[in-house]
2 protein chains.
Amino acid sequence: MLCPGPRPRNAAATRTAILDAARERFAAESYDDVGMRDIARDVGVDAALISRYFGSKDDLFLAALESCGDGSALMQGDKAEFGKRVAHEVVFEPKKADQLKGMSIMLRSIGSNRASEMVQTTCSAQFFGPLQDWLGGPDATVRARLLAGFIMGMSISRELGGGSFDLEPAECERMRDRLAVILQALIDN
Amino acid sequence: MLCPGPRPRNAAATRTAILDAARERFAAESYDDVGMRDIARDVGVDAALISRYFGSKDDLFLAALESCGDGSALMQGDKAEFGKRVAHEVVFEPKKADQLKGMSIMLRSIGSNRASEMVQTTCSAQFFGPLQDWLGGPDATVRARLLAGFIMGMSISRELGGGSFDLEPAECERMRDRLAVILQALIDN
DNA sequence: GACGCTTGTCAACAGGCGTTGACAAAGCCA
DNA sequence: TGGCTTTGTCAACGCCTGTTGACAAGCGTC
């Protein structure tokens with residue numbers, strides 16, 4: 001989407017363009033692998049401008065992470081269908097849900113020393129916390145950890161299989177169904 | 001364990017010392033965060049020596065990964081107790097099991113562009129494959145993916161909570177018990 | 001004892017990184 | 001039109017990285 005000629009002068013638009021590009025980049029690559037110059041090239045802007053708008057790379061990463069919104073979108077809709085809905089999204093539509101994009105960013109960079117602390121605090125505030133409150137009932141904390149862990153684990157597992165668990169479509173469906181049952185059991189409890 | 005004076009000349013010992021140090025480092029930090037000079041300092045040796053013994057950093061990483069052995073250790077013991085055993089190790093003794101150390105390395109570096117391919121192939125060969133063969137029965141592939149995903153996810157979740165899921169000890173026990181039931185159900189199926 | 005191979009150290013290189021300050025040009029206001 | 005602020009570019013800095021080749025010292029062998 002790069003246009004020839006000089007970039008029109010529009011600070012607000014440029015800022016959000018940078019933020020959008022950063023979100024995409026950090027969802028696809030780790031904190032260490034994403035360079036300021038990469039994001040700048042995506043937007044069609046000089047890397048120095050990013051520093052001026054967002055401060056440091058850490059600040060940009062945090063802004064991108066928080067721009068994904070909290071995980072509450074996961075929890076909208078019928079509670080009795082949570083298992084089916086989430087299992088379907090995790091297995092078949094990893095890129096669709098915005099809250100899963102936030103999780104992609106976390107998973108990509110949780111290993112990095114520079115990013116792990118930001119990831120931890122954000123994850124607690126935007127994922128564990130809301131999930132736990134929404135669950136309610138006995139052992140809500142424990143069930144939230146299990147749910148979150150399972151969802152993250154399946155995302156990692158998909159990643160390891162190269163985007164599709166390295167499974168046949170029919171097998172994916174059966175996995176989705178099994179996963180749905182397990183998740184739902186943790187919801188109902 | 002650094003001794004003063006020059007290092008005794010012993011190629012084999014030095015080589016394994018380097019490999020051990022690399023395994024520890026890569027289990028604790030991501031591929032990008034681990035520097036050749038860090039490992040060299042741990043061993044008390046010059047970084048150049050590592051290059052000569054192992055070739056490139058990629059080669060060293062792969063050697064460290066493969067030195068953890070395959071995941072078959074996870075599958076030894078009574079099949080009827082698999083759930084309990086693994087749940088206990090995942091929740092309470094993350095550092096104990098060697099095969100979990102291999103998984104730590106994978107989880108730390110799966111996000112890194114340079115390491116992800118090595119992690120993927122190693123994970124398939126040493127973790128998914130053996131688990132699937134060992135499981136047998138209907139839908140072995142699907143159940144193996146679910147099991148592996150859950151185990152990895154709980155490891156990540158523990159990491160995010162700062163080493164203990166951010167839970168009380170009593171809660172950890174209840175989580176272990178719930179996890180054991182879920183894992184065992186996937187084994188038996 | 002002198003040679004030669006092995007083992008380890010040291011200094012340096014090329015390349016990449018995030019960040020900074022000076023500079024250019026666009027747009028606004030008087 | 002002239003000045004001033006905003007927006008963007010450019011070149012450069014200091015730092016860190018993996019890797020290399022030259023050099024030093026230990027050790028076995030003739």
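Reminder, nothing fancy here: chain letters follow the sequence lines and each chain counts from 1.
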Q. Hey, is the side chain of A:Thr14 poking within less than 4.0 Å of OP1 or OP2 on D:dT7, counting only N and O atoms?
A.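 No, no such contact exists.
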Extract all donor-acceptor atom pairs below 3.5 Å that involve side chains of residues 160-169 of chain A and protein atoms in other chains or at least two apart in sequence.
none

Options [options], nucleotide nearest the side-chain atoms of [X]:
X	options	value
B:Arg52	C:dA22, C:dT7, C:dC10	C:dT7
A:Ala48	C:dT9, C:dA22, C:dG21	C:dG21
A:Ser51	C:dC10, C:dT19, D:dT7	C:dT19
A:Lys57	C:dT9, D:dC10, C:dT19	C:dT19

Length of the [atom1]-[atom2] vector between [X] and [N], whole Å:
X	N	atom1	atom2	result
B:Arg41	C:dG8	CZ	C1'	18 Å
A:Ile39	C:dG16	CD1	P	18 Å
B:Ile18	C:dT7	CD1	C1'	11 Å
B:Leu49	D:dA22	CG	P	18 Å
A:Asp32	C:dC17	CG	C1'	11 Å
B:Phe54	D:dG18	CZ	P	15 Å
A:Asp46	C:dC23	CG	C1'	13 Å
B:Phe61	D:dG18	CZ	P	13 Å

Q) Any cation-pi pair here, A:Arg145 with A:Phe128, using under 6.0 Å and within 45°? A)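 Pair A:Arg145/A:Phe128 counts as cation-pi.
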Q: Examine A:Lys57 relative to A:Tyr31 and say whether NZ or CZ is less than 6.0 Å from the centre of the six-membered ring and inside a 45° cone about the ring axis.
A: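 Output yes; distance and angle both within limits.
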Q: Output yes when a side-chain donor or acceptor of A:Asn10 lies under 3.5 Å from a complementary backbone atom of A:Ala13, and no otherwise.
A: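 Flag set: sc A:Asn10 to bb A:Ala13 pair under 3.5 Å.
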Q | B:Ser56 side chain vs B:Asp59 backbone, donor-acceptor pair below 3.5 Å | A |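 It does hold such a pair.
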Q: Look at the side chain of B:Arg37 against the base of D:dG18 and say whether a donor-acceptor pair falls under 3.5 Å; ignore hydrogens and angles.
A: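 Pair found.
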Enumerate all atom pairs, one protein N or O and one N or O from nucleotides 2-6 of chain C, separated by less than 3.5 Å.
unit_1	atom_1	unit_2	atom_2	d
C:dT6	O2	B:Arg9	NH1	3.3
C:dT6	O2	B:Arg9	NH2	2.3

Q: Starting at CZ of A:Arg114, measure out to CZ of A:Phe61 and round the result to the nearest 0.5 Å.
A: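 Between A:Arg114 CZ and A:Phe61 CZ, I get 11.5 Å after rounding to 0.5 Å.
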Q: State whether B:Arg85 and B:Glu89 are salt-bridged, where the test is any N-O pair (Lys NZ or Arg NE/NH1/NH2 against Asp/Glu carboxylate O) under 4.0 Å.
A: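 Salt bridge flag = no for B:Glu89 with B:Arg85.
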